[in-house]
Amino acid sequence: MKKALITGITGQDGSYLAELLIAKGYEVHGIIRRSSLPNTGRIDHLLSDAEVAESVLFLHHGDLSDSSRLVSLVTQIEPDEVYNLAAQSHVRVSFDEPELTGETTGLGSVKLLEALRISGSRARFYQASSSEMFGASPPPQNEETPFYPRSPYGAAKVFSYWMTKNYRESYGLFATNGILFNHESPRRGETFVTRKITRAVARIKAGLQTKLYLGNLDAERDWGYAPEYVNAMWLMLQADHPDDFVVATGTRYKVRDFAEMAFGHVGLDWEEFVDFDERYLRPAEVDSLVGDSSKASELTGWKPKVIAPELAKIMVEADLEILNSPGSTWVDEATFV
């Protein structure tokens, strides 16, 4: 039985990756931060399965800021594969907390790479890189496109990307960068724009909300489906050699397009409900991110299936189901910007 260690297992990607690896027969270990409130909502369905929780899924308290704990965990678990998905991952928030973003999203990856090196681990390492690294570079972006990050988050990811390559070339680690473009799902955090839109659609349809406030409606993104993207992560670590791969659908839609598709799914005109609010603008905007994943398709066999129109429907349907479920605790739209 192969063993995998996942940082960020309680996030969107971490939860889908845990499901995928368990289905493939892995023993999965996840690192979670200590919290006074439960923070395992996305994997509770796995933890509630006694057979899974007792035999193939194990959680360990830890943090990417704690180097000694990372060394201890890598030595104790002896993983075959390590997936570094943990980060401060909200681009807008990174402008408010640039130092924290640098510490977690940037230096955290180095501490995990060092843990592998110091412990002598031969685990295959996956670094969650991001399309935000390309920033102002014009689309379509591929593995040869220059990086031009436009946020502390993007800059921190660039640092992690190059450190991953450095450890691969300096120490012979099987260290791979997955440069994933925007990927969404019903498990997406509620402050990310796609989920903010689909959540509002459900609430407006139910008469619980009257307006949705958004920032840059003309930002173009290449939106894919998170469960498909975690499969790409796994495929990268099954390759004969470590490398760097762009993962994207190759399609482009504006934020206004996603809003139109989401509202249209329930028979509403988005323009009647969406208003602009400058508080949601970033200090430096990224106008267009559209990926070219030809290399990943050729070398790993990965191909996307779900693109934005179907994705919007999937997410709206999920949010309608959540809203209509017994004990729903949804309240008014969050005021954090």
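Because only heavy atoms are used, hydrogens play no part in the values below, and waters and symmetry mates are left out as well, while side chains stay in. All values derive from a computational prediction rather than experimental measurement.
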Separation between CG of Leu64 and CG of Asn84, rounded to the nearest 0.5 Å: 5.5 Å
Nearest-0.5 Å distance that lies between atom CG in Asp63 and atom CZ in Arg69: 11.0 Å
salt_bridge(Glu19, Arg187) N-O dist < 4.0 Å: yes
Check: Val82 and Tyr126 side chains under 4.5 Å, non-hydrogen atoms: no
Atom pair CG/CD of Leu73 and Glu78 - distance to nearest 0.5 Å: 12.5 Å
Test side chain to side chain contact (heavy atoms under 4.5 Å, CB included) applied to Phe273 and Leu268, step by step: CA-CA 9 Å; Phe273 303 99; Leu268 298 176; 4.0 Å; yes
Asp66-Ser68 side chain donor-acceptor pair, cut-off 3.5 Å: yes
Ser185 and Gln12 side chains, donor-acceptor separation under 3.5 Å: yes
Criterion salt bridge (charged side-chain N to carboxylate O under 4.0 Å, His left out) on Asp80 and Lys3, from CA distance to verdict: CA-CA 5 Å; Asp80 298 286; Lys3 295 181 183 179; over 6 Å; no
Euclidean distance, His60 NE2 relative to Gln76 CD, rounded to 0.5 Å: 6.0 Å
N/O donor-acceptor pair under 3.5 Å between Glu228 side chain and Lys305 backbone: yes
Validation row, ring centre Tyr229 to ring centre Tyr16 under 6.0 Å: no
Candidate list Pro304, Ser131, Ser293, Ser130, test side chain to side chain contact (heavy atoms under 4.5 Å, CB included), partner Phe181, passing option: Ser131
Donor-acceptor side-chain pairing of Thr104 and Gln88 below 3.5 angstrom: no
Test item: side-chain donor near acceptor, Gln209 and Arg203, under 3.5 Å: yes
Six-ring centre of Phe192, Arg188 cation under 6.0 angstrom, axis tolerance 45°: yes
Distance flag, aromatic centroids of Phe134 and Tyr148, threshold under 6.0 Å: no
Shared-cluster residues of Leu100, by chain and number - hydrophobic side chains joined below 4.5 Å: none
Any side-chain donor near an acceptor of the partner, Ser160 and Ser109, under 3.5 Å: yes
Gln127 and Tyr83: side chain donor to acceptor below 3.5 Å: no
Arg252 (side chain) donor-acceptor with Ser288 (main chain) under 3.5 angstrom: no
Asn324 side-chain N/O to Leu320 backbone N/O, donor-acceptor pair under 3.5 Å: yes
Ser137 side chain vs Pro146 backbone, donor-acceptor pair below 3.5 Å: yes
Backbone of Lys157 reached by a side-chain donor or acceptor of Trp162 within 3.5 Å: no
Test side chain to side chain donor-acceptor pair (under 3.5 Å) applied to Arg168 and Asp244, Asn177, Thr176, the passing residue: Asp244
Exam field: side chain Thr105 to backbone Gly102, donor-acceptor pair closer than 3.5 Å: no
Lys196/Glu190 ion pair, N-O < 4.0 Å: no
Check: Glu272 main-chain N/O paired with Lys211 side-chain donor or acceptor under 3.5 Å: yes
Glu114 bridged to Arg117 by N-O distance under 4.0 Å: yes
Under 3.5 Å side-chain donor-acceptor pair for Thr10 and Asn39: no
Least distance between heavy atoms, Leu281 atom then Arg92 atom: O-NE, 3.2 Å
From CA spacing to verdict: ring-ring contact (aromatic ring centres under 6.0 Å, His included), Phe95, Tyr153: CA-CA 8 Å; Phe95 286 99; Tyr153 171 78; over 10 Å; no
Arg256 side chain to Asp218 backbone, donor-acceptor under 3.5 Å: no
Polar contact flag, side-chain donor to acceptor under 3.5 angstrom, Thr249-Thr251: yes
Separation of Thr300 OG1 from Met233 CE (nearest 0.5 Å): 13.0 Å
Polar side-chain atom of Glu143 near backbone of Val246 as donor-acceptor pair, under 3.5 Å: yes
Set of residues satisfying salt bridge (charged side-chain N to carboxylate O under 4.0 Å, His left out) with respect to Lys303, sequence neighbours excluded: none
Distance, nearest 0.5 Å, that separates CD of Glu260 from CH2 of Trp270: 7.5 Å
Aromatic contact, Tyr253 with Trp223 (centres under 6.0 Å): no
Candidate pair Gln141 and Asp292, rule side chain to side chain contact (heavy atoms under 4.5 Å, CB included), full reasoning: CA-CA 6 Å; Gln141 294 102 355; Asp292 173 7; over 6 Å; no
Ring centres under 6.0 angstrom apart (Phe125, Phe174): no
Heavy-atom closest contact (Val255 atom, Val193 atom, distance): CG1-CG2, 4.0 Å
Identified side chain to side chain contact (heavy atoms under 4.5 Å, CB included) counterpart of Ile197 within the set Asp319, Leu212, Val316: Leu212
Side-chain (Lys165) to main-chain (Ala175) donor-acceptor, under 3.5 angstrom: no
Thr40 versus Asp44, side-chain donor and acceptor atoms under 3.5 Å: yes
Tyr280-Glu278 side chain donor-acceptor pair, cut-off 3.5 Å: no
Donor-acceptor pair between Glu27 and His29 side chains, under 3.5 angstrom: yes
